[in-house]
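Structure first, then comments.
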Amino acid sequence: MNCRESELPGIGRKFEVITKTNDKIVIVIHDDGRREIYHFDADDHEESISSVTFNDSEARQVAAILGGMVYKPKALESIEIALDDLVIEWFKVEPGAPAVNKSILDIDIRNEYGVTVIAIMKKNQKKVLNPGPETLIEAGDTLVISGERKDLKALIKNLLSS
């Protein structure tokens, strides 16, 4: 994640965040305590597509939620215990990753990594449940994958990350 901070004289501070998956948000913290968050188009980082304004109290509550202080998900822990070493994970394919524009068969995920692709959420929000071997993986797709943790990590590192 890349984060740039700048002073906004007479207003406050601005934080520009670009995630590893190229999502961009800008957070403006006003001197009066207000916080504004702007979300930008993935294809055009100059085009804001949504924004929200929080007062100081609301911002602190949202920060606690995002930071895991209000609720720490336990579902994954229970799934791992119930299914022993089987883990289900969601991962957004990064632009420039080796798997981009290749089919599931081309990269032979199951044989090479022991991982199964359960579903794919395409960038256009179309869901592909139980995708076949001919299904193409594209940058920005979110893959729902299952396997052992070490195998998932290897797949993500070697084929889904840039």
Side-chain angles (χ1 to χ4, degrees), residues 1-3 15-27 35-54 58-59 61-162:
M1 181 171 79
N2 181 14
C3 183
F15 298 85
E16 184 176 301
V17 178
I18 299 178
T19 67
K20 193 173 180 185
T21 56
N22 205 34
D23 287 315
K24 177 183 174 183
I25 62 168
V26 170
I27 302 165
R35 272 68 157 201
E36 296 174 328
I37 300 177
Y38 298 89
H39 179 235
F40 289 79
D41 186 305
D43 298 323
D44 180 4
H45 281 181
E46 300 302 314
E47 180 75 27
S48 174
I49 56 175
S50 65
S51 67
V52 63
T53 302
F54 297 108
E58 293 166 335
Q61 286 179 327
V62 169
I65 292 166
L66 288 173
M69 295 188 307
V70 174
Y71 171 74
K72 182 178 178 185
K74 299 208 183 289
L76 187 57
E77 292 172 16
S78 4
I79 288 171
E80 287 181 39
I81 292 168
L83 302 174
D84 199 22
D85 293 329
L86 180 66
V87 177
I88 298 171
E89 188 163 329
W90 288 252
F91 189 83
K92 188 173 181 180
V93 179
E94 298 176 4
V100 170
N101 295 326
K102 294 186 179 161
S103 71
I104 292 172
L105 179 63
D106 290 339
I107 54 178
D108 203 13
I109 293 173
R110 187 171 292 165
N111 290 324
E112 291 294 320
Y113 294 91
V115 171
T116 301
V117 179
I118 299 171
I120 300 175
M121 176 67 80
K122 302 301 250 175
K123 282 195 317 187
N124 63 6
Q125 301 301 311
K126 180 182 174 211
K127 295 175 203 156
V128 181
L129 303 175
N130 196 22
E134 72 289 343
T135 304
L136 202 62
I137 297 171
E138 298 173 302
D141 287 353
T142 298
L143 273 59
V144 181
I145 49 181
S146 68
E148 291 188 28
R149 183 168 305 285
K150 65 177 176 51
D151 297 331
L152 294 176
K153 283 184 178 182
L155 171 67
I156 289 167
K157 179 183 175 196
N158 297 335
L159 294 180
L160 305 179
S161 302
S162 51

Could you measure the distance from the [atom1] atom of [X] to the [atom2] atom of [Y]? Nearest 0.5 Å is fine.
X	Y	atom1	atom2	value
S50	D41	OG	CG	10.5 Å
H39	S51	NE2	OG	11.5 Å
R35	E58	CZ	CD	10.5 Å

Report the residues that fulfil side chain to side chain donor-acceptor pair (under 3.5 Å) with [X], sequence neighbours left out, ordered by chain and then residue number.
X	result
T19	T21
K122	E138, D141
D106	S103
D108	N111

Could you pull out the closest heavy-atom pair between [X] and [Y], with the gap in Å?
X	Y	answer
E94	S161	OE1-CA, 3.3 Å
A97	S162	N-CB, 4.0 Å
A99	L160	CB-CD2, 3.9 Å

(message) Among D151, L152, I109, exactly one meets side-chain contact (heavy atoms from CB on, under 4.5 Å) together with I145. Which residue is that?
(response)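 Testing each of D151, L152, I109 against I145, the sole residue satisfying side-chain contact (heavy atoms from CB on, under 4.5 Å) is L152.
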Just jot down the side chain to side chain contact (heavy atoms under 4.5 Å, CB included) partners of [X], sequence neighbours excluded, or say none.
X	answer
T135	I104, I120, V128, P131
K24	E16, I18, V26, F40, H45
V144	I88, W90, I118, A119
E36	V28, H30, R34, Y38, T53

Side-chain heavy-atom pair [X], [Y] within 4.5 angstrom cut-off:
X	Y	answer
M121	K127	yes
N158	Y113	yes
L159	K102	no

(request) Under the side-chain contact (heavy atoms from CB on, under 4.5 Å) rule, what do I107 and E112 come out as? Steps first, then yes or no, please. (result) CA-CA 8 Å; I107 54 178; E112 291 294 320; over 6 Å; no
(message) Just to verify, what does K153 make a salt bridge (Lys or Arg N to Asp or Glu O under 4.0 Å) with, not counting sequence neighbours?
(response)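 In terms of salt bridge (Lys or Arg N to Asp or Glu O under 4.0 Å), with neighbours along the sequence ignored, K153 is linked to no residue.
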